[in-house]
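Written below as structure tokens is the structure these notes are about.
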Amino acid sequence: QVQLVESGGGLVQAGGSLRLSCAASGRTFSNYAMGWFRQAPGKEREFVAAIRWSVGNRYYADSVKGRFSISRDIAKNTVYLQMNSLKPEDTAVYYCAADPRDWVYNQRYEYAYWGQGTQVTVSS
């Protein structure tokens, strides 16, 4: 069974940085799509970034391009989301997602597995 455990969330001032981690277990992830989504109170869960585990192709939402960076550590089975120049509108619960297909996806329904989420709060 695939397990995804997020960590690294917290409270940060606007302009600050955080790095989220997603520890994946239960499978060999060499041909998986991995993604980060977020959900703010009263809003739909939205795509943030994705990475193709096998070759490292990346894809970002327009709202985070140039500020966020997704990466993976193959040896640690961990995906990261480095978030810089944070804004109050980045406040949300951030979720890690995985799917056993070797591509990058930006739609929620494309992902079969989800973590429990980690809260990110950006104060103004």
Side-chain angles (χ1 to χ4, degrees):
Q1 181 72 15
V2 172
Q3 286 194 316
L4 304 173
V5 179
E6 303 97 333
S7 62
L11 173 64
V12 64
Q13 287 189 329
S17 298
L18 282 175
R19 188 177 78 157
L20 306 184
S21 299
C22 172
S25 62
R27 289 286 189 278
T28 299
F29 292 91
S30 57
N31 293 307
Y32 269 60
M34 305 295 295
W36 285 98
F37 288 73
R38 66 186 181 187
Q39 189 166 16
K43 294 190 175 181
E44 295 289 318
R45 192 171 299 188
E46 64 175 4
F47 170 75
V48 175
I51 188 166
R52 185 177 173 189
W53 194 282
S54 59
V55 294
N57 299 47
R58 295 163 173 83
Y59 184 59
Y60 297 96
D62 287 343
S63 59
V64 306
K65 273 182 188 174
R67 299 189 298 123
F68 290 13
S69 177
I70 188 171
S71 63
R72 84 262 193 253
D73 186 323
I74 295 172
K76 295 183 177 180
N77 260 12
T78 300
V79 176
Y80 301 100
L81 185 68
Q82 178 66 44
M83 306 186 295
N84 299 326
S85 302
L86 282 161
K87 305 175 182 179
E89 51 263 44
D90 294 318
T91 295
V93 177
Y94 283 70
Y95 296 90
C96 179
D99 193 82
R101 292 176 292 168
D102 190 15
W103 202 243
V104 283
Y105 303 103
N106 66 346
Q107 299 296 317
R108 182 179 172 181
Y109 66 82
E110 298 278 11
Y111 290 87
Y113 304 103
W114 293 84
Q116 293 300 305
T118 185
Q119 176 71 46
V120 172
T121 304
V122 184
S123 63
S124 57

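Any value given below was found using the heavy atoms of this structure, including those in side chains, with hydrogens, waters and symmetry copies removed. Quick caveat: nothing in here was measured; it's all calculated off a predicted structure. Position 1 is the first residue of the sequence, and the numbers go up from there.
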Between [X] and [Y], is there a shared hydrophobic cluster once you connect ILVMFWY residues whose side-chain heavy atoms come closer than 4.5 Å?
{"X": "L18", "Y": "V93", "answer": "no"}
{"X": "I74", "Y": "W103", "answer": "no"}
{"X": "V104", "Y": "V2", "answer": "no"}
{"X": "I70", "Y": "V48", "answer": "yes"}

Can you name the side chain to side chain contact (heavy atoms under 4.5 Å, CB included) partners of [X], sequence neighbours left out?
{"X": "Q3", "result": "S25"}
{"X": "V122", "result": "V12, A14, L86, P88, D90, T91, V120"}
{"X": "R101", "result": "D99, Y105, E110"}
{"X": "S63", "result": "R38, A61"}

Exercise for the section: Indicate the atoms forming the closest heavy-atom contact of A98 with M34, along with that distance. Expected result: CB-SD, 3.5 Å
Problem - Closest heavy-atom pair and its distance - G35, Y111 - result: N-CE2, 3.7 Å
Handout entry: Check: R67 side chain, S85 main-chain N or O, donor-acceptor pair, under 3.5 Å
Key = yes
Handout entry: side-chain hydrogen bond (donor to acceptor under 3.5 Å, both in side chains): pairs with one or both residues in residues 114-124, sequence neighbours excluded
Key = Q119-T121
Roughly how far, to the nearest 0.5 Å, is the [atom2] atom of [Y] from the [atom1] atom of [X]?
{"X": "M83", "Y": "S69", "atom1": "CE", "atom2": "OG", "value": "12.0 Å"}
{"X": "T78", "Y": "L4", "atom1": "OG1", "atom2": "CG", "value": "10.5 Å"}
{"X": "Y80", "Y": "R19", "atom1": "OH", "atom2": "CZ", "value": "5.0 Å"}

Kindly indicate whether the side chain of [X], heavy atoms from C-beta on, has any atom under 4.5 Å from the side chain of [Y].
{"X": "N106", "Y": "Y59", "value": "yes"}
{"X": "N57", "Y": "I51", "value": "no"}
{"X": "E6", "Y": "L20", "value": "no"}

Applying side-chain hydrogen bond (donor to acceptor under 3.5 Å, both in side chains), name anything that partners [X], two or more places apart in sequence or on another chain.
{"X": "N84", "result": "S17, Q82"}
{"X": "D102", "result": "R52, S54"}
{"X": "K87", "result": "none"}

Problem - Contact list for residues 73-124, test disulfide (SG to SG under 2.5 Å), sequence neighbours left out - result: C22-C96
Problem - Pairwise disulfide (SG to SG under 2.5 Å) hits with a residue in residues 30-70, at least two apart - result: none
Problem - Passing option when F37 is tested against Y94, Y95, F47 for ring-ring contact (aromatic ring centres under 6.0 Å, His included) - result: F47
Problem - Which residues share a ring-ring contact (aromatic ring centres under 6.0 Å, His included) with Y32, sequence neighbours left out - result: F29
Practice task
Applying ring-ring contact (aromatic ring centres under 6.0 Å, His included), name anything that partners F68, two or more places apart in sequence or on another chain.
Solution key: none
